Amino acid sequence: MIEVLKMRRKLVLGNWKMHGAIGTNAQLLQAIRQHLTTSSLPVDVGVCVPAPYLSQTRDLLTGSDMKWGAQDVSAHAKGAFTGEISAAMLAEFGSQYVIVGHSERRAYHGETADAVGAKARQAIVAGLVPVVCVGETLHERDAGMAEQVVRNQLSDVLAFVGSENPAQIVIAYEPVWAIGTGRSASAADAQAIHAALRACLSEHGEAMNQTRILYGGSIKPNNAHELLTCADIDGALIGGASLVASDFISIIDSASRAASASTVSDEVFDAGVKP
Ligand code: 13P
């Protein structure tokens, strides 16, 4: 009997941010969906859209291999919180993922570590997978604090969500200075931080080795392969390039090639019953 360890399946996730319109959404999603039907995917693919488009996204993607989700969620389950959207509401629209603690929300909306943790917990309670963003500013990197900053951000959120089920959460390393700047982290620098995050996860139990860690920050078709073949980079969280069908598809294809190349080495024999 051969057991294939539940290896970390690569995940390619688009973050549309505050972009989109009913007409262009349909063109974009239909083009990606069409591409994905031509081959069986060795990777997971999803898009995190502005909340008003969840219904449209669900209608366009139901029955496809693509998943969808949102970019933020309330830290509360329900109540008098005008303007907030609960995790249960996102789940009602078929969402699978929700981005939590994106640096734009931490910076522009003052989201604290406690708020990020509470949001991640609400997501899990509603059956969603929170994609928790961590990342250092340029100032922090220049001061040699990058690793410590992201380890602290990760530990803060794990204190809220626990570590019983590693598949319940996805981590996204997004260096703030690389977001929307066209200046991606080098593969070596990204891998170094991912390895540090992996080590931090492992300190919370061996099972957490199965938690996926995505890289985000100026991922484009021309740097996706290099980043996605790094040992501890389990996928991509993509902003600008997720709005261009051909770019997003190209990055999905890079992830698929990287996943196919690593499949054989990730297979292990069940220690108890060797063939
Ligand atoms: P860009 O890919 O546009 O740099 O954005 C990255 C990001 O913030 C994804 O969440």
Side-chain angles (χ1 to χ4, degrees), residues 10-20 24-25 28 32 43-51 53-54 57 66-73 90 95-109 111 116 119-120 123 128-138 140-141 146 149-150 153-154 157 169-187 189-190 193-194 197 212-228 230 233-255:
K10 289 208 189 294
L11 168 61
V12 178
L13 205 55
N15 172 11
W16 288 5
K17 308 194 178 184
M18 200 171 71
H19 294 288
T24 52
N25 297 346
L28 178 60
I32 300 163
V43 299
D44 293 333
V45 178
V47 282
C48 290
V49 304
Y53 299 134
L54 279 172
T57 303
M66 285 180 73
K67 311 286 186 206
W68 59 93
Q71 302 167 12
D72 185 32
V73 65
L90 299 179
S95 299
Q96 170 128 345
Y97 301 104
V98 61
I99 297 170
V100 168
H102 192 282
S103 61
E104 287 153 12
R105 295 211 58 86
R106 293 185 196 248
Y108 307 147
H109 301 272
E111 280 190 11
V116 173
K119 288 178 176 205
L128 306 178
V129 174
V131 179
V132 179
C133 299
V134 300
E136 81 285 1
T137 63
L138 190 56
E140 289 163 339
R141 171 155 286 265
V149 166
V150 298
Q153 289 172 333
L154 178 57
V157 81
I169 181 169
V170 168
I171 307 301
Y173 169 55
E174 298 207 315
V176 177
W177 47 270
I179 294 175
T181 59
R183 179 186 164 196
S184 162
S186 69
D189 284 348
I193 295 288
H194 279 239
L197 289 168
R212 292 183 284 190
I213 309 175
L214 314 183
Y215 170 79
S218 295
I219 297 197
K220 306 289 175 200
N222 64 3
N223 60 13
H225 173 80
E226 201 188 357
L227 289 159
L228 290 167
C230 292
I233 298 186
D234 306 315
L237 182 56
I238 306 158
S242 72
L243 299 168
V244 180
S246 57
D247 285 358
F248 194 58
I249 287 167
S250 167
I251 297 169
I252 294 167
D253 288 347
S254 290

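Everything numeric here is computed off the predicted structure, so don't read it as measured data. Every number for a ligand or one of its atoms is a count from 1 in the order of the listing. All residue numbers refer to positions in the sequence shown, counting from 1.
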pair Leu28-Trp16: side-chain heavy atoms closer than 4.5 Å: yes
Any idea which atoms of ligand 1 are less than 4.0 Å away from a heavy-atom of Leu237? 9 (C), 10 (O)
Identity and distance of the protein heavy atom lying nearest atom 5 (O) of ligand 1: Lys17 NZ, 3.3 Å
Using the ring of each side chain (for Trp, its six-membered ring), is His194 parallel, tilted or perpendicular to Tyr215, with breaks at 30° and 60°? tilted
Sub-4.0 Å atoms of ligand 1 with respect to non-hydrogen atoms of Glu174: 6 (C), 7 (C), 8 (O), 9 (C), 10 (O)
Decide side chain to side chain contact (heavy atoms under 4.5 Å, CB included) for Leu154 and Ile171; before the verdict, give the C-alpha distance in whole Å, the side-chain angles of both, and the deciding distance to 0.1 Å. CA-CA 8 Å; Leu154 178 57; Ile171 307 301; 3.4 Å; yes
Name the atoms and distances for all side-chain donor-acceptor pairs under 3.5 Å in residues 245-253, with sequence neighbours left out.
from   : atom 1 : to    : atom 2 : distance (Å)
Asp253 : OD1    : His35 : NE2    : 3.0
Asp253 : OD2    : His35 : NE2    : 3.4

Note: heavy atom closest to atom 4 (O) of ligand 1, options Pro175, Gly180, Ala172, Gly216, belongs to Gly180
Crowded around Glu226 CD? As in, over 12 foreign heavy atoms under 6.0 Å? no
Counting only heavy atoms, which portion of Ser242 has something under 4.0 Å from ligand 1: side chain, backbone, both, or neither? neither
If you measure every N or O of Ala241 against every N or O of ligand 1, does any of those distances drop under 3.5 Å? no
At what distance is the nearest protein heavy atom to atom 3 (O) of ligand 1, and which residue and atom is it? Gly240 N, 2.9 Å
Apply ring pair (Phe, Tyr, Trp, His ring centres under 6.0 Å) to Tyr97 and list each qualifying residue two or more places apart in sequence or on a separate chain. none
Does the side chain of Asp44 come within less than 4.5 Å of Lys67's, by heavy atoms? no
Taking the side chain as C-beta and beyond, is there a heavy-atom pair between His102 and Ile179 under 4.5 Å? yes
Using a 4.0 Å cutoff against the non-hydrogen atoms of Gly239, which atoms of ligand 1 qualify? 1 (P), 2 (O), 3 (O), 5 (O), 6 (C), 9 (C)
Note, Met66 side chain near Ile32 side chain (heavy atom, < 4.5 Å): yes
Could you establish whether Gly217 and ligand 1 come within less than 4.0 Å of each other, counting only heavy atoms on the residue side? yes
Lys220 N/O to ligand 1 N/O under 3.5 Å: no
Please could you name the atoms of ligand 1 that Ala178 approaches to less than 4.0 Å, counting only its heavy atoms? 4 (O)
Under 3.5 Å, N or O to N or O, is His102 touching ligand 1 that way? yes
Considering distance alone, does some N or O of Asn15 sit under 3.5 Å from an N or O of ligand 1? yes
